[in-house]
J.: 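Structure incoming, see below.
Positions are given from 1, in the same order as the sequence printed here. From a predicted model like this one, the values you see are computed outputs, not experimental measurements.
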Amino acid sequence: MTKRFGMDAALFSVKAYLASMLAIYISLSIGLERPYWAFLTSYIVAQPLAGAVVSKAMFRVVGTFVGAGMAVILVPNLVQAPELLVIGTGAWLALCVFVSLLDRTPRSYAFVLAGYTAVLIVLPSVDVPETIFTVASLRVQEITIGIVCSSFVHALVFPRSVSAFMLQRVSTILDDAERWSRDSLQAEPDATIDKERQRLALDVTELHQLSIHLPYETTRIAPRIRTVRALQDQLSLIMPLGAAVTDRIAQLDAAKAIPADVEKLLADARDWFGQLNALSLAEREEAAVALQRRSRALEPEVGPDASWKELILLSLLSRLSALIGAHRDCRILAEQLATPSTRPVSPRAAELVEGRRGRELHVDVGGATRGAIGAFLTIVIGCALWIGSGWHEGATAVMLAGVFTALFAAAPDPLAPLRTFFTGTFIATLIGLLYGFVLLPRLDGFVEYALAMAPMLLMLGALMQSPRWAGIALPMLLGLGSPVLVSDQYVGGFASFVNGAFAQLVGILYAIVVIRLLNSTGTRAAIRRTVRAGWADIAERANLMSAPDVRAWINRMLDRIALLAPRLAMAGRSPGAPLYDALRDLRTGVAIGELRELRLDMPPSKRGPLTEVLQKVGEYYRALDPDKPAPADPILLEDIDIAMTAVLNDEDPQLSRAGALGLVSLRRNLFPASAPKPSAVSMEAPA
């Protein structure tokens, strides 16, 4: 999000440093016992974008209050039954982790914080339950001071706008999408187009995450979230439409069957995609409408005598028209986002935004359950080991293990950030020894302390903005927030510092062990669950008699593709083939939606062939095994051809056209290597 080690990173680091020093100064001035919590919080909530800082701060405040409240409820009522107190604390953390994993937006941070704040307050208060309310209230004050200071500095001192950053990202995303679509209209497109086009799934997910922060924007009038959702919808259409157009062009080109006027249309469409940045809103719409009219005019009339080439040509022209429309709508919505007014920039913009609801996301109940169980067992087993060992600092180790289990439960591979955290904490311990027992004892006053800490904090703050070094920089910053280093005395006992640092390292190692034992196949299992969820959706959708929600289906499938990419990479598998299969499934679901909609419009007496096809598609996807995916049954191919014959022989030309479009897509997705049987569908096979 920022240029590595550039001015943006330097400015962020300076602001984060100022916020942390302000938080420490205020905490010490009013006599708080644990100013290090204010210091830690100021860095935890720090974000380069002003709106993101404020929103994260709000989520953290809510989570802190809820977690502190739960601690006040648990300790007085269960302190006489330590086993129940441990179980109650573990169950609360598990519940919060479960809900956060289902939410999957920046708001989930509030649930995570509510869970581990209770752990941080409950475990140190077991020996002194009478102080639970005081400890909880002080913790809330310390954390709130850190939040307020970080929010104040980042939001008011040279703030970076979420809206401006989003508009910049939208411009880049549209440029990339238009380049991919332009290149895909060639007879021999670049082999990397499919892989690059799949980045749209990650781009759409990024826009969704950014939009959560828009209500907290501090530097300009924020775009309406409904407009962002509408833009996500149109971007989501580009992937299946672009893939379908590429496939149809390849089919026709192999048969040397692209008519000259269609080749001219494709060339003009490529030119239009290349000129979108230079055209005005009115010019874009006018050119898009002209291209769509030409596409419709070139569509062959389909009927009982339609050939396979004509059906492929119909599919190409129809999908091309829809692709042009999606790109036109993306540009309209981008202009709507950029205008500070809520007045629609065009009538089409009003149509696109009207009634738009939230984005539909993949929900992984199995993964959330696994994460919740891991959090619960981390607390219960950890407390048993702590109490059994009699090690006083064991509470710190268990606390941190619970925090890390909750924080990284949503990570594709929780072990990777934990290993980095261990390394960063170990380095911070060595640096802390230098500060705590060599430098700080020689200083006098807060100003000297702030100046002494500045070089290290400023360097680590800049490293936080580097994707390569952020995993090391953050734990180092948190390690420097030791109670011995951040206090009104500036220095503490050597034994206290070493015991605390050792407990931190043990807590991280314990979290690694627990996660490794519980999630030995976690990444692979997550991949299986995600793939199975898509197949289960197709199977269920194929047999529904209600009107299809194609946009919701596309949103969920793109979200799954975005989730699969990092997990496949961490599992050591090439993302090409599995993600292409997901793209095929995405297009299959769109075709099913078209056929379901057509079935609802048909008289009951004509629905039989389509119903048979949809039922067999559902059976096929329901029986698929992610480890050994089998090809579709040839009987399904015969049923598709029979249904094709039925719709092409219908007296209603609109029904024939809609049926041909859906069935051609389904056939190309499930049986790409199979030529049609002339006896079944009255079509010649491609040359």
Side-chain angles (χ1 to χ4, degrees), residues 237 239-248 250-251 302 306-319 322 534-545 548-550 553-554 557 580-602 606-624 629-650 655-677 680-683 685-686:
L237 292 173
M239 185 184 292
L241 289 172
V245 167
T246 301
D247 175 79
R248 307 306 185 260
Q251 285 284 296
V302 293
S307 69
W308 177 247
K309 296 173 187 176
E310 289 175 325
L311 293 175
I312 290 291
L313 181 60
L314 169 67
S315 181
L316 166 62
L317 293 168
S318 174
R319 301 314 186 202
W535 290 346
D537 262 7
I538 293 178
E540 181 182 0
R541 282 169 47 80
N543 293 293
L544 292 176
M545 294 299 294
D549 189 347
V550 177
W553 158 255
I554 293 176
M557 277 303 294
Y580 179 76
D581 290 342
L583 180 55
R584 183 205 69 164
D585 296 338
L586 169 61
R587 291 156 56 190
T588 299
V590 173
I592 286 174
E594 293 175 334
L595 295 176
R596 279 176 49 201
E597 192 168 358
L598 176 63
R599 183 173 60 178
L600 289 175
D601 294 337
M602 296 171 68
K606 297 181 180 181
R607 295 176 180 173
L610 282 185
T611 299
E612 187 69 21
V613 168
L614 292 172
Q615 286 179 348
K616 283 199 169 60
V617 171
E619 292 170 2
Y620 165 64
Y621 273 97
R622 194 173 291 110
L624 276 177
D633 194 326
I635 296 177
L636 173 57
L637 176 60
E638 294 180 5
D639 289 333
I640 292 175
D641 288 342
I642 292 171
M644 185 82 76
T645 301
V647 298
L648 292 178
N649 279 279
D650 196 273
L655 187 150
S656 296
R657 178 182 181 275
L661 287 172
L663 290 168
V664 166
S665 293
L666 192 62
R667 201 180 199 284
R668 288 297 304 153
N669 294 334
L670 298 181
F671 303 96
S674 298
K677 297 179 180 179
V681 293
S682 300
M683 294 182 294

J.: Once you round to the nearest 0.5 Å, how far does OG1 of Thr611 lie from CE of Met545?
T.: 6.0 Å
J.: Got a sec, which residues hit side-chain hydrogen bond (donor to acceptor under 3.5 Å, both in side chains) with Asp601, two or more places apart in sequence or on another chain?
T.: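 Partners of Asp601 under the side-chain hydrogen bond (donor to acceptor under 3.5 Å, both in side chains) test: none.
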J.: Kindly determine whether Arg587 and Asp247 satisfy side chain to side chain contact (heavy atoms under 4.5 Å, CB included), including the steps that lead there.
T.: CA-CA 12 Å; Arg587 291 156 56 190; Asp247 175 79; 4.0 Å; yes
J.: For residues Pro548 and Gly593, report the shortest heavy-atom separation together with the two atoms involved.
T.: CG-O, 3.3 Å
J.: According to salt bridge (Lys or Arg N to Asp or Glu O under 4.0 Å), who are the partners of Arg607, at least two apart in sequence or on a separate chain?
T.: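 Counting only residues at least two positions away or on another chain, Arg607 forms no salt bridge (Lys or Arg N to Asp or Glu O under 4.0 Å).
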J.: Could you state the interatomic distance from OG1 (Thr246) to CG (Leu241), rounded to the nearest 0.5 Å?
T.: 10.5 Å
J.: Quick one: closest heavy-atom pair of Phe671 and Ala632, and the distance?
T.: CZ-CB, 3.4 Å
J.: Can you list the residues that meet the side-chain hydrogen bond (donor to acceptor under 3.5 Å, both in side chains) rule with Glu597, with sequence neighbours excluded?
T.: none
J.: Can you measure from CG (Asn649) to CG (Leu655) and round to the nearest 0.5 angstrom?
T.: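 If I round to the nearest 0.5 Å, the distance is 11.5 Å.
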J.: Restricting to side chain to side chain contact (heavy atoms under 4.5 Å, CB included), what partner residues turn up for Val617, sequence neighbours left out?
T.: Ile538, Ile592, Val613, Tyr621, Leu636, Leu666, Leu670
J.: Just by modelled atom types, is the Ile640 backbone N or O under 3.5 Å from a matching donor or acceptor in the Arg667 side chain?
T.: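 Looks like no, no N/O pair under 3.5 Å.
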J.: Check side chain to side chain contact (heavy atoms under 4.5 Å, CB included) between Asn543 and all other residues, then give those that pass, not counting sequence neighbours.
T.: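 For Asn543, the residues satisfying side chain to side chain contact (heavy atoms under 4.5 Å, CB included) (neighbours in sequence not counted) are Gln615, Arg622.
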J.: Considering non-hydrogen atoms only, spot the tightest contact between Ser665 and Ala591 and give its length.
T.: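 For Ser665 versus Ala591, the nearest heavy atoms are CB-CB, 3.8 Å.
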J.: Go through the structure and list residues passing side chain to side chain contact (heavy atoms under 4.5 Å, CB included) with Ala244, not counting sequence neighbours.
T.: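 Side chain to side chain contact (heavy atoms under 4.5 Å, CB included) list for Ala244, sorted by chain: Arg248, Arg319.
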J.: Which residues pass the salt bridge (Lys or Arg N to Asp or Glu O under 4.0 Å) test with Glu310, sequence neighbours left out?
T.: none
J.: Roughly how far, to the nearest 0.5 Å, is CG of Leu313 from OG of Ser307?
T.: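 Ser307 atom OG to Leu313 atom CG measures 9.0 Å (nearest 0.5 Å).
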J.: State the CG-CZ distance between Leu544 and Arg596, to the nearest 0.5 angstrom.
T.: 4.5 Å
J.: I'd like to check the side-chain hydrogen bond (donor to acceptor under 3.5 Å, both in side chains) partners of Trp535; sequence neighbours left out, ordered by chain and number.
T.: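 side-chain hydrogen bond (donor to acceptor under 3.5 Å, both in side chains) check on Trp535 returns Asp585.
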J.: My understanding is that only residues two or more places apart in sequence, or in another chain, count here; which of them pass salt bridge (Lys or Arg N to Asp or Glu O under 4.0 Å) with Asp537?
T.: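 So Asp537 forms a salt bridge (Lys or Arg N to Asp or Glu O under 4.0 Å) with Arg556, Arg560.
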J.: When rounded to the nearest 0.5 angstrom, what distance separates CG in Leu595 from CG in Leu600?
T.: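 The distance works out to 11.0 Å.
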J.: So which atom in Gly659 and which in Leu598 form the shortest heavy-atom distance, rounded to 0.1 Å?
T.: CA-CD2, 3.3 Å
J.: Just wondering, do Ser315 and Gln251 contact through their side chains at under 4.5 Å, heavy atoms?
T.: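 With C-beta onward as the side chain, the pair stays apart.
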J.: Apply salt bridge (Lys or Arg N to Asp or Glu O under 4.0 Å) to Glu619 and list each qualifying residue two or more places apart in sequence or on a separate chain.
T.: none
J.: Flag the pair Met644 / Leu311 as yes when at least one side-chain heavy-atom distance between them is below 4.5 Å, and no otherwise.
T.: yes
J.: I would like to know whether Asp633 and Lys616 meet side chain to side chain contact (heavy atoms under 4.5 Å, CB included); could you show each step before the answer?
T.: CA-CA 9 Å; Asp633 194 326; Lys616 283 199 169 60; over 6 Å; no
J.: Any carboxylate oxygen within less than 4.0 angstrom of a Lys/Arg side-chain nitrogen, looking at Asp650 and Lys606?
T.: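 Counted as a salt bridge, because a side-chain N and a carboxylate O are separated by less than 4.0 Å.
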